[in-house]
Number of protein chains: 4
Amino acid sequence: MMAKEDRQRAILECAKQLFAARGYHGTSIADIIKEAAVARATFYVYFNSKAAVFHALIDSALETIVSKLKPVLTGANVDRENVLRQLRVNLSHALGPLFSDPCLAKIFVSEVESVDDDATKKLKVFYGNLVTWLEESLEEGMSLGIVRKCNSRITAIAIVGMLRGIVLAISDDNHQLDFHEVVEEITANVAQGIII
Amino acid sequence: MMAKEDRQRAILECAKQLFAARGYHGTSIADIIKEAAVARATFYVYFNSKAAVFHALIDSALETIVSKLKPVLTGANVDRENVLRQLRVNLSHALGPLFSDPCLAKIFVSEVESVDDDATKKLKVFYGNLVTWLEESLEEGMSLGIVRKCNSRITAIAIVGMLRGIVLAISDDNHQLDFHEVVEEITANVAQGIII
Amino acid sequence: MMAKEDRQRAILECAKQLFAARGYHGTSIADIIKEAAVARATFYVYFNSKAAVFHALIDSALETIVSKLKPVLTGANVDRENVLRQLRVNLSHALGPLFSDPCLAKIFVSEVESVDDDATKKLKVFYGNLVTWLEESLEEGMSLGIVRKCNSRITAIAIVGMLRGIVLAISDDNHQLDFHEVVEEITANVAQGIII
Amino acid sequence: MMAKEDRQRAILECAKQLFAARGYHGTSIADIIKEAAVARATFYVYFNSKAAVFHALIDSALETIVSKLKPVLTGANVDRENVLRQLRVNLSHALGPLFSDPCLAKIFVSEVESVDDDATKKLKVFYGNLVTWLEESLEEGMSLGIVRKCNSRITAIAIVGMLRGIVLAISDDNHQLDFHEVVEEITANVAQGIII
DNA sequence: GATGAATGAGCATTCATTCAT
DNA sequence: TATGAATGAATGCTCATTCAT
């Protein structure tokens, strides 16, 4: 007999892997319970619906990431090197969990359509907030002379897209990216651009 | 009575809008034929399956974009300005059609799961090729001293992600980005990075 | 191939018999389509839900009965015999269809619980209206001196119950009541009571 | 800790109210145990099944009523007044418990379909017996010259229906009938009919 | 070619009941 | 005795696809 929490975790874990592998719509309750080795009704003891598992996964993913993010501190005596260091830290914290769990990464970039809206909306809101926050940071950076003059909105969107691209790559089996290299490279790109 | 091609095009167009708005799984054959004002069986006169319409849309989208892309020419007498100009042109050509048709943009970044593999695979292959091509270009650029030393694979992935982010933003009603600003901004980011 | 209306009627008829025999909750869609010899989805071409068939049956039953009822005319020169004749006519019209279709009778007295409320409510409203109408008729009859002084509400309820009892008996295979005798007997009971 | 019998009674009482309010099929075990504040498995300690509780309720209801009924005594020196008095007494005894417990009344007239046959059959048998007994009484009454010549079967069915109608009205919140008036009225109807 | 009726495989969900403690 | 976790059979319903005209 399993502890109650373990059971829930097992279902969650199986669902995560299946959703990551076959997508939300490609995964049936039958698949999940077979993988988790529980009876049909048992699934519903722990989750009210298929959508509910997905919600839980999204929530957990967001929680995992968001809790790690720290605001970038700036001020009088904050130089370029300092900002880049903070950037590196945030990137490491954000990407770390995704690197160690490709399924989480997959869920994170999944654009699941037509699930009970809430779930997708949560992710959308997250990315939207990320963009807004970056936008404001860029504005502040410009006023401090740390950031070159740019269209902050477009740039923010581009950076978030860049990160999503990385996460998508992580979630793909064959890319095999190295965590530290990624962090360094992203930082460098942001810092220097690509073309000399 | 409609000409045969018009009928097909009508179905395709309606399907595109519906897929863009509600997603592949959120759109039923019933939705499509209602919108296109054709009978159920008529749909199957023109397309073998729901997946087939999606395939056709993907194909058309890819064709539209790919045909516009030109290889970036480099050589002895190619300077930084020249390369950036070519980059701008390619970006304009690639993003142009997507800007004028947000539904196309949506399809383009859609990560539809569990459609008969082929469709998703085509998009994946496209993005994969894009990454590979960029990777090679970066390598070449490095050897020519035009590109700073970097991990070409990661950087390529990041850039493609950046573009995807932009396209995703285009496909979203509320972002309202300006075409030329976007092209300039992306170019600038690639050229200079963000942090001074 | 069946005409469209025939198909619907066939389903309706089978559903009626099954509902009458096993009750609403004791009848599954599987039962209905097996009896009607149609495919599962075909059922849903004609009815939106299991409850919808029941609604249709109730509606049809009520329509059948209600359309036959005529208001009892009274006035200066209306004597006891005349009123009783009108009563007989109404009884005949109301009970006739139920006598010729025991399943209809069964549906008519069925007190189906927890179907999408509407259906049950319709029947309840019908019986409620019947009671109210009878109540008013009794009141009028009293003021005309045709009806003995009585509690019109209780009496109305009792009469409607009497009728329901008859209909229930009709719907039972083994009672084998004679239509004309029933009409006469009810009229006589109303007219004379039972105990001398 | 509750005494064993109290537990059982509590479950029974809650079930009765729920069945009366939402019907048998509209009431789940979950509803019952929540209302009775007992654990799921505890329910099955006291009752073997959902149907069993219903059986018990029917049994108790029938017991309550049947035990009160007294045979109507007739004989040489029994006049009309005497018979009516006995009728009144029986009615009072039968309707009394139902008036004081509308839920009991509801159960009593419930025509629950597709419960494990036994329960419904018991009620059916009860009503059948009632009809038969009335039928015989009417026959006897006729031979004694107390009852007018009538079709005893139909009349018996009608009278039982009348009573059922009253009980149904009792079980409905909004009717608010007065016990004594009902008894008087029924007696009067039986004695005199309605139309003068 | 054009149509709409017909189809069945598939799915999420419910619920009375049993098991292990 | 009392419990709550676990269960699987059953059910209503959907939807892409095919058939007959």
Side-chain angles (χ1 to χ4, degrees), chain A residues 1-8 25-33 36-53 116, chain B residues 1-4 7-8 24-33 37-53 115-116, chain C residues 1-8 25-33 37-53 116, chain D residues 1-4 7-8 25-33 37-53 115-116:
Chain A
M1 181 76 31
M2 243 171 173
K4 185 166 176 173
E5 285 183 4
D6 289 346
R7 218 83 202 265
Q8 176 148 9
H25 294 287
T27 304
S28 70
I29 298 286
D31 294 332
I32 298 174
I33 64 176
V38 299
R40 226 175 172 71
T42 307
F43 174 91
Y44 288 92
V45 171
Y46 293 98
F47 298 97
N48 289 323
S49 67
K50 184 183 164 186
V53 212
D116 192 24
Chain B
M1 184 75 37
M2 252 172 166
K4 177 170 169 165
R7 216 91 199 252
Q8 179 148 10
Y24 180 82
H25 293 287
T27 303
S28 69
I29 298 285
D31 293 333
I32 298 173
I33 63 175
V38 300
R40 229 180 166 72
T42 307
F43 174 91
Y44 287 90
V45 171
Y46 294 99
F47 298 96
N48 289 322
S49 68
K50 184 183 167 186
V53 209
V115 192
D116 190 25
Chain C
M1 181 74 34
M2 244 171 173
K4 185 166 175 175
E5 285 182 4
D6 289 347
R7 216 84 201 263
Q8 175 147 9
H25 294 288
T27 304
S28 70
I29 298 285
D31 294 333
I32 298 174
I33 63 176
V38 299
R40 229 180 168 68
T42 306
F43 174 90
Y44 287 93
V45 170
Y46 294 98
F47 298 97
N48 289 323
S49 67
K50 184 182 164 186
V53 212
D116 191 24
Chain D
M1 182 74 37
M2 251 170 167
K4 178 171 170 167
R7 216 91 200 253
Q8 178 150 6
H25 294 287
T27 304
S28 69
I29 299 285
D31 293 333
I32 298 173
I33 63 176
V38 300
R40 229 180 166 68
T42 307
F43 174 92
Y44 287 91
V45 171
Y46 294 99
F47 298 95
N48 289 322
S49 67
K50 184 183 166 186
V53 208
V115 192
D116 192 25

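Order of the sequence lines fixes the chain letters, A, B, ..., with proteins taken first and strands second; residue numbering starts at 1 for each chain.
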> Which listed nucleotide (dG12(F), dG4(F), dA6(E)) is nearest to the side chain of Ala39(D)?
Replying inline: dG4(F)
> What would the secondary structure line of DNA chain E be in dot-bracket form, counting Watson-Crick and G-U wobble pairs under 3.5 Å, with [ ] for pairs that cross earlier ones and | for pairs with another strand?
Replying inline: .||||||||||||||||||||
> Sub-3.5 Å donor-acceptor pair from the side chain of Tyr24(B) to the main-chain atoms of Ala51(B), do we have one?
Replying inline: yes
>> Using 0.5 Å steps for rounding, measure from the OG1 atom of Thr42(C) to the CZ atom of Arg40(C).
In response: 11.0 Å
> For the side chain of Lys50(C), counting heavy atoms from C-beta on, which of dG12(F), dT7(F), dG1(E) is nearest?
Replying inline: dG12(F)
> According to a strict under-4.0 Å criterion, is Arg7(D) in side-chain N/O contact with OP1 or OP2 of dT3(F)?
Replying inline: yes
>> Taking the nucleotide of DNA chain F with the nearest heavy atom to each, does Thr42(A) or Ala30(C) sit closer to the 5' end?
In response: Thr42(A)
>> By nearest atom, which of the nucleotides dG4(F), dG4(E), dA16(F) is closest to the Ala41(B) side chain?
In response: dG4(E)
> Among dA12(E), dA2(E), dG12(F), which nucleotide sits nearest the side chain of Arg40(C)?
Replying inline: dG12(F)
>> Can you work out whether Ser28(B) or Ile29(C) has the more 5'-proximal nearest nucleotide on DNA chain F?
In response: Ile29(C)
>> Between Tyr46(C) and dA6(E), is there a contact of a side-chain N or O with OP1 or OP2 at under 4.0 Å?
In response: yes
> Has Ser49(D) got a side-chain N or O lying under 4.0 Å from the OP1 or OP2 atom of dA16(E)?
Replying inline: no
